Number of protein chains: 2
Amino acid sequence: MSDGGDGTVGKALSVLDLVAAQERPIRFAELHRMSALPKATLYRLAQTLVSQNMLVQDPETGAYSLGVRLVRLAHAAWRQASLAPVARPFLDQLSAETGLTVFLAQMDYGYVLYLDRRNARDAAATFSDAGKVGPAYCTALGKAMLAYLPEDELEQALGQQSYYRFTPTTLGSAAVLRQALERTRARGYAREREEHEPGAIAVAMPVRAADGRVLGAVSISGTTVQTDIRRLEGLVPRLRQTVDRVSREASHWEFPVEGETEREGRAV
Amino acid sequence: MSDGGDGTVGKALSVLDLVAAQERPIRFAELHRMSALPKATLYRLAQTLVSQNMLVQDPETGAYSLGVRLVRLAHAAWRQASLAPVARPFLDQLSAETGLTVFLAQMDYGYVLYLDRRNARDAAATFSDAGKVGPAYCTALGKAMLAYLPEDELEQALGQQSYYRFTPTTLGSAAVLRQALERTRARGYAREREEHEPGAIAVAMPVRAADGRVLGAVSISGTTVQTDIRRLEGLVPRLRQTVDRVSREASHWEFPVEGETEREGRAV
DNA sequence: AATGCAGTTTCATATAATGGAACTGCGTTG
DNA sequence: CAACGCAGTTCCATTATATGAAACTGCATT
């Protein structure tokens, strides 16, 4: 939407977003149709992004898709995101012990951004899940984080929810959600009972910094076929232990040491 | 290094790269020292990137690190990179059958960019590997791709290698590498015998489009402790089958259907 | 030959980036 | 405690750069 603001750079990034939102390579004309930017401007921006390897252009059709430079940058982003690499071993353990699927996520503009997933059963790639976004108002992860957000951020986040009723149990408004968050705080963990997808249930707890700031959340999830909410709630103490450990490691980690940065390869 | 070219956008992206190269959050002054850009310019660019969520600034120290918007973009990039999602099931299968580690990669500016990894044993996260880069001249994946590059691209890539001698068996120059690539083509697959890391061996084959263009490569790798090069070479027919299938699927896939792009959530 | 559409280039104009320098606030030092 | 040094921030005249309407090219369709 709009032009991204922040001058040329913002516009360029809005073009990236537009291409990212696409399922398949997108031709210039189509891009132009959705972009609000004038043709020549858009054209030059796209060219610039291609020359910067942020976009790639199909040699045949000229259609644009996202470039590999992004994958590289994201690897670095993930590595730097303190939470994900730190949480890794703990998620492994939790998933192995419970035999259920474990997610790590953080808030991103009112959405739940998945950082990692661990599944005891299959060795499925987590990459395809990291970077995904989902709604906050109807997931255990989202509610776990919302419940401990400071009032101003919560206010903002509540306004960004769609409150679309995915299922009969979906919370349908900010007011109802607020009450649910109240109960979440009282209970100490968040529950999700088929509010987003039929058959999907989960419990989640926030990972908080020493100062109380919400860094992210961890969930244990399953289907009504393989488990039930009672059993998940029984795992809450174990979940609590996990988020505590992640939290401790994360704060511990913040500034590893102001030493030289060791590098194996040469930067390109 | 330098300023990235391409005006403001290029400069902004060069700032991103600089932050990405860092192991930990980087302060403004340090950034300024490595950046060649004048202070005020760099400052405004960094602010813009922060306001665009490409960078995040630690509220305490003001230090910059990469923002989550990148993780989101990269997820889309990976999804769009035709090769990675298409190859997924085949890699799963290959890894499960052989019990060894399987990699998928593509060339990126003379480097090998890892797109996916599958390990039969542990359910380790692949995300932390996707986006990694490694040298081309001393890995099976690299040589498999180099061997089938058109002359002009090969020339360029050869010039970008460091030829650092990681081990006694590392190929130490472009001339030697050229001969090795000759043999790779004759043989039909690439080998790596402790040229990059002691104890690490692999075989690899390129994934090529119908027109012969190199899309990427798949490798089967192991350590000299768990296997040996003879056994890996015995798996080459199976590897060939895999790359053929990936290649077929990939070309098949290029343009799924010019339909409307279904979207579950609203773009932010 | 004529029309339509995608992609590309042009160029006068206006806007936005530039960067040297000055300023602020803070911690250190003589 | 005054003076200094350093990180981070703002100012503002200057200039370079992005802008975008319009014209153009090439190609496919009729």
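A, B, ... follow the sequence lines: proteins, then strands. Residue 1 opens every chain. No experiment lies behind these values; they were computed from the predicted model shown.
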How close or far is atom P of dA6(C) from atom CG of Leu42(A), stated in whole angstroms? 14 Å
Test: Arg69(A) and Asp17(B) ion pair at under 4.0 Å: yes
Check the phosphate of dA6(C) against Arg27(A), side-chain N and O only, distance under 4.0 Å to OP1 or OP2. Yes or no? no
Does dT9(D) have its OP1 or OP2 closer than 4.0 Å to a side-chain nitrogen or oxygen of Tyr43(B)? yes
In whole Å, what is the span from the CD atom of Glu60(B) to the C1' atom of dC26(C)? 17 Å
Please report the distance, rounded to the nearest Å, between CZ in Arg44(B) and P in dT9(D). 13 Å
Is Thr8(B) close enough to dA16(C) that one of its side-chain N or O atoms is under 4.0 Å from OP1 or OP2 there? no
In whole angstroms, the gap separating P of dG8(D) from CG of Leu45(B) amounts to 16 Å
Taking only side-chain nitrogens and oxygens of Lys39(B), does any of them come within less than 4.0 Å of OP1 or OP2 of dT10(D)? no
Starting from the 5' end of DNA chain C, give me the residue, Gln57(A) or Pro38(B), whose nearest nucleotide shows up first. Gln57(A)
In whole Å, I'd like the distance from the CG atom of Asp58(B) to the C1' atom of dA7(D). 16 Å
Nearest to the Lys11(A) side chain among dG20(D), dT19(D), dT8(C), which nucleotide is it? dT19(D)
Between Gln80(B) and Arg24(A), a side-chain donor and acceptor under 3.5 Å: no
Can you see whether Thr48(A) engages Asp6(B) through a side-chain donor-acceptor pair at a distance of less than 3.5 angstrom? no
Give a yes or no on whether a salt bridge exists between Arg178(A) and Glu155(A), defined as a side-chain N under 4.0 angstrom from a carboxylate O. yes
Between dA17(C) and Thr41(B), is there an OP1 or OP2 to side-chain N/O distance shorter than 4.0 Å? no
Mind checking Ala29(B) for me? I need base, sugar-phosphate or nothing, with any heavy atom below 4.0 Å counting as a touch. sugar-phosphate
Between Asp116(A) and Arg88(A), does at least one N-O distance fall below 4.0 Å, as a salt bridge requires? no
Taking atom C1' of dG8(D) as reference, at what distance in whole Å does atom CD of Glu30(B) sit? 15 Å
Grab the CG-C1' distance between Leu37(B) and dG20(C) for me, whole Å please. 15 Å
Nearest whole angstrom, please: distance from the C1' of dT24(C) to the CZ of Phe28(B). 15 Å
